[in-house]
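Worksheet: the structure to be examined is printed underneath.
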Amino acid sequence: MDFSLFGRKFTRHAGITQLMDDLNQGLLDPQAIMLGGGNPAAIPAMLQAFHDEASQQLNSGELLKSMINYDGPQGKDKFTAALAALLRQEYGWDISAKNIALTNGSQNAFFYLFNLLAGEFSDGRKKKVLFPLAPEYIGYADSALSEEMFVACKPAITLLDNGLFKYNVNFEALEIGDDIGLICVSRPTNPTGNVLTDEEIRHLDELARANGIPLLIDNAYGTPFPNIIFTEVKPFWNSNTILCMSLSKLGLPGTRCGIVIGPETLIQAIGNLSGIINLAPGGVGPTMVQRWVENGDIIRLSEQHIRPFYEAKAQQAVQWLQEAIPHPKLRIHKPEGALFLWLWFEGLPIHSQELYQRLKQRGLIVVPGHYFFPGITDATWQHQYECLRLNYAQDADKVQSGIAILAEVLAEIC
Ligand code: PLP
């Protein structure tokens, strides 16, 4: 079949496609140890809460109502109004429902946002999305309509005690020319578990304003919900910020509910795009959490159940890894949030893709690190071929078995 240029670009075997394929394959093969995908963990207290809420919403008729009707293209009004009220009350943000649009997952929102704010403009100018700190989320990498739409900055790397390390934005190297249309960061960052400090966010906000461009903060794991953050940072939004949130890491990825909080003109544009591309975003996710948004439980559940669950899992996995693979063969990015540990094997004699293949042959699925450098053009920078991402939040026996396989394979290589 003869595919258009669009077809060719969007049917490539992208990193994100490999990830989703592996996830699917792993689900079919019960023996595979799946430490690859970004599936949130099944947290017993959250499963119970979802179960109770689903029953309640089914009995009240609301759940069925959300399935037998289309919402408007900007998403369920009742939900956006309740969320605006919650954020106004908790953080004093100057927002209303006109500042919020829902999408079918936040992945869907990035496609809209990147292509709205970067790419080709009517006067012939071309603009790019800047990632001030790579590694960055694999899902951004192939979501642009134009080629070469991303540019990224290498991080400052600080080596910490106990074989840990941390990335920071290297502000000295960060250049924002007039070809940049948007600055984008994930906080916490997938894949690294890095959390940009409040000071880094303040500085990026200042740079974005000075250059007349928005700052997009991908808050899929962030505060105030699902709050998979182990450091003390504040929720951030102002009139120049586009904050993308999601119900996925709260534990509802199958509902495909993304939330964009931004200036009214941008939100109207997202609504228009949604109308053309999707008719409307799904209403089941918003219905499931409507009451929790109205009474603030969405924040309390995140704080009481979600954050402690992941924090304990992350600490445990770091301990197992360090026991199995001694420093300096392995360095681990300080786990500050999200579902992943980012492993750096400095001086690894093979490419991370090759390491991934060898692990896959032994039944362990992880994600090779080189996919997470969208916008990095320096092919000689070895660091990008020396890392892996591991989802630490799966069942303890799987994580332990996976770490044992990783240690064996590494022992054969170096
Ligand atoms: N942002 C980050 C950093 C992610 O890791 C993910 C998914 O793993 C997403 C966004 C997309 O999530 P969803 O489309 O399920 O909202």
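In what follows, residues are counted from 1 in the order of the sequence shown. Just so you know, ligand 1 is whichever comes first in the structure, and atom 1 is the first atom listed for that ligand. From a predicted model like this one, the values you see are computed outputs, not experimental measurements.
- Atoms of ligand 1 lying under 4.0 Å from any heavy atom of F110, numbered from 1 in the order shown and given with element: 1 (N), 10 (C).
- The protein heavy-atom contact nearest to atom 11 (C) of ligand 1 is S106 OG, 3.4 Å.
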Report all side-chain donor-acceptor pairs from residues 153-166 shorter than 3.5 Å, counting only partners two or more places apart or in another chain.
from : atom 1 : to   : atom 2 : distance (Å)
K154 : NZ     : D378 : OD2    : 2.7
K166 : NZ     : N194 : OD1    : 2.6
K166 : NZ     : E336 : OE1    : 2.9
K166 : NZ     : E336 : OE2    : 3.4

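- When the heavy atoms of I138, N39, L252, N190 are ranked by distance to atom 5 (O) of ligand 1, first place goes to N190.
- The protein atom (non-hydrogen) at minimum distance from atom 15 (O) of ligand 1 is S248 OG, 2.6 Å.
- With a heavy-atom cut-off of 4.0 Å, A220 touches ligand 1 through its side chain alone.
- Residues S186 and E136 have side chains that bring a donor and an acceptor to within less than 3.5 angstrom of each other.
- Residue S186 places no N or O, backbone or side chain, under 3.5 Å from any N or O of ligand 1.
- The ring-ring contact (aromatic ring centres under 6.0 Å, His included) search around F225 returns none, not counting sequence neighbours.
- Residue Y221 places at least one N or O, backbone or side chain, under 3.5 Å from an N or O of ligand 1.
- Ligand-side atoms of ligand 1 in range of D218: 1 (N), 2 (C), 3 (C), 10 (C), range being under 4.0 angstrom from any heavy atom.
- Interface atoms of ligand 1 facing G105, defined by a heavy-atom separation under 4.0 Å, are 14 (O), 16 (O).
- Taking only nitrogen or oxygen atoms, main chain and side chain alike, N108 does not reach within less than 3.5 Å of ligand 1.
- Salt-bridge check for R209 with E206: failed, with every basic side-chain N at 4.0 Å or more from each acidic carboxylate O.
- Protein heavy atom at the shortest distance from atom 8 (O) of ligand 1 is K249 NZ, 2.8 Å.
- Checking R300 against N295 by side-chain atom types alone, no donor-acceptor pair falls below 3.5 Å.
- Ionic pairing of E294 and R291 is not present here: no N-O contact between side-chain nitrogen and carboxylate oxygen is shorter than 4.0 angstrom.
- Using modelled atom types and a 3.5 Å distance limit, the side chains of Q268 and E264 yield no donor-acceptor pair.
- Side-chain contact annotation: E386 with Q382, donor-acceptor N/O pair under 3.5 Å absent.
- Residue contact check for ligand 1: G38 places no non-hydrogen atom closer than 4.0 Å to it.
- Of the possible donor and acceptor atoms, none in the side chain of N99 sits under 3.5 Å from a partner among the backbone N and O of I267.
- Atoms of ligand 1 found under 4.0 Å from any heavy atom of R256, numbered from 1 in the order shown, are 13 (P), 14 (O), 15 (O).
- Shortest contact from atom 9 (C) of ligand 1 to any protein heavy atom: Y137 OH, 3.5 Å.
- Heavy-atom contacts of S246 reach the following atoms of ligand 1: 13 (P), 16 (O) (cutoff under 4.0 Å).
- Under the 4.0 Å criterion applied to side-chain N and carboxylate O atoms, D179 and K128 are not assigned as salt-bridge partners.
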